[in-house]
Asker: 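Let me begin by handing over the structure; questions about it come next.
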Number of protein chains: 2
Amino acid sequence: MSVTIKDIAKLAGVSHTTVSRALNNSPLIQEETKERIRVIAEQLDYTPNYSAKSLVLDRSYNLGLFFTTLSKGTSAGFFYEAIRGVNSVIQDRYQLIVKGIDDYTSFHSITRKSFDGIIIVSQSDDDQAIIDHIAAKGIPLVVLNRPVTTSGVLNVLSDEEQGAFLAASYLIEQGHTRIALIEGRQGFKSAQNRKDGFERAMEHHRIQVPEAYRMPGLYDLESGHQAMQQFLTLKERPTAVFCCNDEMALGAMKAVSEAGLQVPQDMSVVGFDDTVFAAYVTPALTTVRRPIEQISKEGAVRLLGNIENKQHETEQLLLKTELIVRESVRSLSL
Amino acid sequence: MSVTIKDIAKLAGVSHTTVSRALNNSPLIQEETKERIRVIAEQLDYTPNYSAKSLVLDRSYNLGLFFTTLSKGTSAGFFYEAIRGVNSVIQDRYQLIVKGIDDYTSFHSITRKSFDGIIIVSQSDDDQAIIDHIAAKGIPLVVLNRPVTTSGVLNVLSDEEQGAFLAASYLIEQGHTRIALIEGRQGFKSAQNRKDGFERAMEHHRIQVPEAYRMPGLYDLESGHQAMQQFLTLKERPTAVFCCNDEMALGAMKAVSEAGLQVPQDMSVVGFDDTVFAAYVTPALTTVRRPIEQISKEGAVRLLGNIENKQHETEQLLLKTELIVRESVRSLSL
DNA sequence: AAGACTATTGTTAACGTGTGCATAGATGTG
DNA sequence: CACATCTATGCACACGTTAACAATAGTCTT
């Protein structure tokens, strides 16, 4: 049996209502009464029953943090940074409930009663279904990492198209003209954005990219590895490869060294994400940094604001990406 | 306003009691009545209010997944695999609440009412305080990744001492005698276990490790990098370095190549954990694999069993580690 | 000093669900 | 046919908390 406000009330010789008010620091209660009740609560090691609170206050104290998938395709570093960012903001005001969207067989159980607010770290257009569901239920929602136009939904993301443009342009500025592309996972919005930025840079500088210089990828080490192996068999090899994330870049670099070649002397490589190990591989990887932790922090802050003020500040926040030049690209212009 | 069992009752012309029983598939209710009620519930898009259920059933439907820290020292891959493992087991029966133990200012709010069970992924002896608290409250608990003897607490971990022994012995078998150690983060149990395994191998083969061959580390890239830089300044350098995790090994390898030397020709390196990138760095890293995802799955399965059967199967499950030989160690015995 | 007002506390109902007990009807039994 | 038994349902209360309203005592005003 756990201790309730009624137990406290009995000991303090007051009604349980007074105890409730005292513990919630209501101005209605005399200061000395409050103090007396607080002391007793402390002694009894009282903890409020949050189920009861939730029932009457119509708040769950739960915040959902949903990823497109937990089981496939989400990179560990991304996942980690996102949770860290959100966690650092919510502190102990809410419980953080982590879920993979693809684990839901039905969105039925997602209601106003079970979540005070939801953060979706979205990697795929397929997430639109759950976004619509949540918006329809009127649950405060912020979508991170992917642009979204649903009305009433907050949106925080980085400008990945611009980042890819930067990286691809950098390759061109270093004198490369035979440039290949390893694409991201099919269906992930980021894959499309990064490819778009790449294409724009190519068109802008009037560089042709033959079909053989394009390979699909899955955002993992192995697919980057395979794609680069493919490029290395070509008669006229590319001199540089733009990889849509760092993990594929690492896999690609592995393939280069296995073939007895060197990065960047024989092949230049750029990645995307600036994961923690990018600076530590040899050669250090030139890549694009996007502020995931900042995105998730901003998202959480905005969500909390939205929950508490009820005001729908429906704006999209676009954070800039940054090219991090290291050692994996050779300059051909000298 | 959301729909409740009373709304359904009104439409079905029965009492809310009957609706409650019908939806919980009680044998007391006639089959056709059940069906009629189910249809109406479906039409109204009824979802039970879990706060109310929790209040009366005294179950929270929450499972806590606590890490020693979210903000410092936990590696992304470790974190990711642990969450995946647990998530794959619980499916939709419970909500998974992720927290960092160091975010708690007080354990006061951790009660039977707020968690049906808790999984602690423990990396430090300091976690004993929260373990004691949870055990005292009588909440079903499983501790992963670190040995624990508290009575009534389930425990699943890998035998890291043995893994480190394997790896260190392997270095010796390859003919190395000047072997250095980069230790794990101070206070983390794994750091102690791995060091112990290393020491045991050295003693077993009667190999002396001078003080200059031991450096503290923080489990991150940078500390591995610094430690190796230190070793490289020594007059009589080690020929091999045992790093207490892969990230430090990667940092160490970086330092070697920065010094114009090569792994494994000039310096052999072994890591620990077999993180995803271990196979893809150049040279591929020889390391020790421990089954984190399996540990977290086993842990979750046992916890659920414990919650539902109430039987305390207080056993410790020790999973074996495995040496993964790749290319980062040179054989001196030829 | 009577009425109005204020400060503090208590009474009671409500949130949505589950369950022990009562009840009514149906069925069986000798 | 009287009684026991069984089946299906309803009634009333409980879980722990908050909040609208009521009540009491004290203070102020004129």
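A quick note: this is a predicted structure, and the numbers were derived from the prediction, not measured. Proteins come first, then strands; the chains are lettered A, B, ... in the order of their sequence lines, and each starts at number 1.
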Asker: In terms of the nearest nucleotide of DNA chain D, which residue is placed more toward the 5' end: Thr33(B) or Tyr46(A)?
Answerer: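 On the 5' side of the pair lies Thr33(B).
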
Asker: Please report the distance, rounded to the nearest Å, between CG in Leu57(B) and C1' in dG18(C).
Answerer: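 Rounded to the whole Å, the gap is 6 Å.
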
Asker: Which residue is it: Tyr61(B), Phe107(B), Phe66(B)? I am looking for the one with a ring-ring contact (aromatic ring centres under 6.0 Å, His included) to Phe115(B).
Answerer: Phe66(B)

Asker: Expressed as a whole number of angstroms, how long is the span from Tyr61(A):OH to dT18(D):P?
Answerer: 8 Å

Asker: Are OP1 or OP2 of dC11(D) and a side-chain N or O of Ser15(B) less than 4.0 angstrom apart?
Answerer: no

Asker: Between Tyr219(B) and Ser190(B), does a side chain to side chain contact (heavy atoms under 4.5 Å, CB included) hold up when you go through it step by step?
Answerer: CA-CA 10 Å; Tyr219(B) 276 154; Ser190(B) 62; 2.6 Å; yes

Asker: Check this one for me: any side-chain N or O of Gln30(A) less than 4.0 Å away from OP1 or OP2 of dT9(C)?
Answerer: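 True: Gln30(A) side-chain N/O within range (under 4.0 Å) of dT9(C) OP1/OP2.
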
Asker: Rounded to whole angstrom units, what separation is found between the CG atom of Leu55(A) and the C1' atom of dT17(C)?
Answerer: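 Those two atoms, CG and C1', are 9 Å apart.
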
Asker: Can you tell me if Ser20(A) touches the phosphate of dT18(D), counting only side-chain N or O atoms and a distance under 4.0 Å to OP1 or OP2?
Answerer: yes

Asker: Is Asp58(A) touching bases, backbone alone, or none of the nucleic acid, heavy atoms closer than 4.0 Å?
Answerer: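 Here Asp58(A) touches no strand at all.
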
Asker: Would you classify Val56(B) as touching base, sugar-phosphate or nothing, given that sugar-phosphate means primed atoms plus P, OP1 and OP2, and contacts are heavy atoms under 4.0 Å?
Answerer: base

Asker: Looking at Asp127(A) and Lys189(A), is any side-chain nitrogen of the basic one under 4.0 Å from a carboxylate oxygen of the acidic one?
Answerer: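 Result for this pair is no, no salt bridge flagged.
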
Asker: Let's test your reading of the model: under 3.5 Å, does the base of dG18(C) pair with the side chain of Arg59(B) as donor and acceptor?
Answerer: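 Per atom types, no contact qualifies.
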
Asker: Can you tell me the distance, in whole Å, between the CG atom of Asn25(A) and the P atom of dT8(C)?
Answerer: 13 Å

Asker: Given dT17(D), dG10(C), dG16(D), which nucleotide is nearest the side-chain atoms of Lys113(B)?
Answerer: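 Comparing dT17(D), dG10(C), dG16(D) against the side chain of Lys113(B), the answer is dG16(D).
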
Asker: Within the pair Lys53(A) and dT18(D), is there a side-chain N or O less than 4.0 Å away from OP1 or OP2?
Answerer: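 Lys53(A) to dT18(D) OP1/OP2: side-chain N or O found under 4.0 Å.
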
Asker: To the side chain of Arg21(B), which of dG10(C), dT17(C), dG20(C) is closest?
Answerer: dG20(C)

Asker: Test of understanding: with salt bridge (charged side-chain N to carboxylate O under 4.0 Å, His left out), list the residues that count as partners of Glu298(B), not counting sequence neighbours.
Answerer: Arg302(B)

Asker: Any side-chain N or O of Thr17(A) less than 4.0 Å from the OP1 or OP2 oxygen of dG10(C)?
Answerer: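 Checking dG10(C) against Thr17(A), no side-chain N or O comes under 4.0 Å of OP1 or OP2.
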
Asker: Taking atom C1' of dT9(C) as reference, at what distance in whole Å does atom CD of Glu32(A) sit?
Answerer: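 From Glu32(A) CD to dT9(C) C1': 13 Å.
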
Asker: Specify the separation, in whole Å, of atom NZ of Lys6(B) and atom P of dG10(D).
Answerer: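 The distance from NZ of Lys6(B) to P of dG10(D) comes to 14 Å, rounded to the nearest Å.
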
Asker: Using 4.0 Å as the upper bound for N to carboxylate O, is an ion pair formed by Asp58(B) and Arg112(B)?
Answerer: no

Asker: Can a donor-acceptor pair under 3.5 Å be found between the side-chain atoms of His16(A) and the base atoms of dT18(D)?
Answerer: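 Such a pair exists between side chain and base.
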
Asker: Could you tell me the separation between the NZ atom of Lys10(B) and the C1' atom of dT17(C), rounded to a whole number of Å?
Answerer: 16 Å

Asker: Grab the CG-C1' distance between Leu28(B) and dG25(C) for me, whole Å please.
Answerer: 16 Å

Asker: Run the salt-bridge test on Arg84(A) and Glu81(A) with the 4.0 Å N-O cut-off and return the result as yes or no.
Answerer: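 Salt bridge between Arg84(A) and Glu81(A), a charged N being under 4.0 Å from a carboxylate O: no.
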
Asker: Could you tell me whether the phosphate oxygens of dC15(D), OP1 or OP2, come under 4.0 Å of any side-chain nitrogen or oxygen in Asn49(A)?
Answerer: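 No, outside the criterion.
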
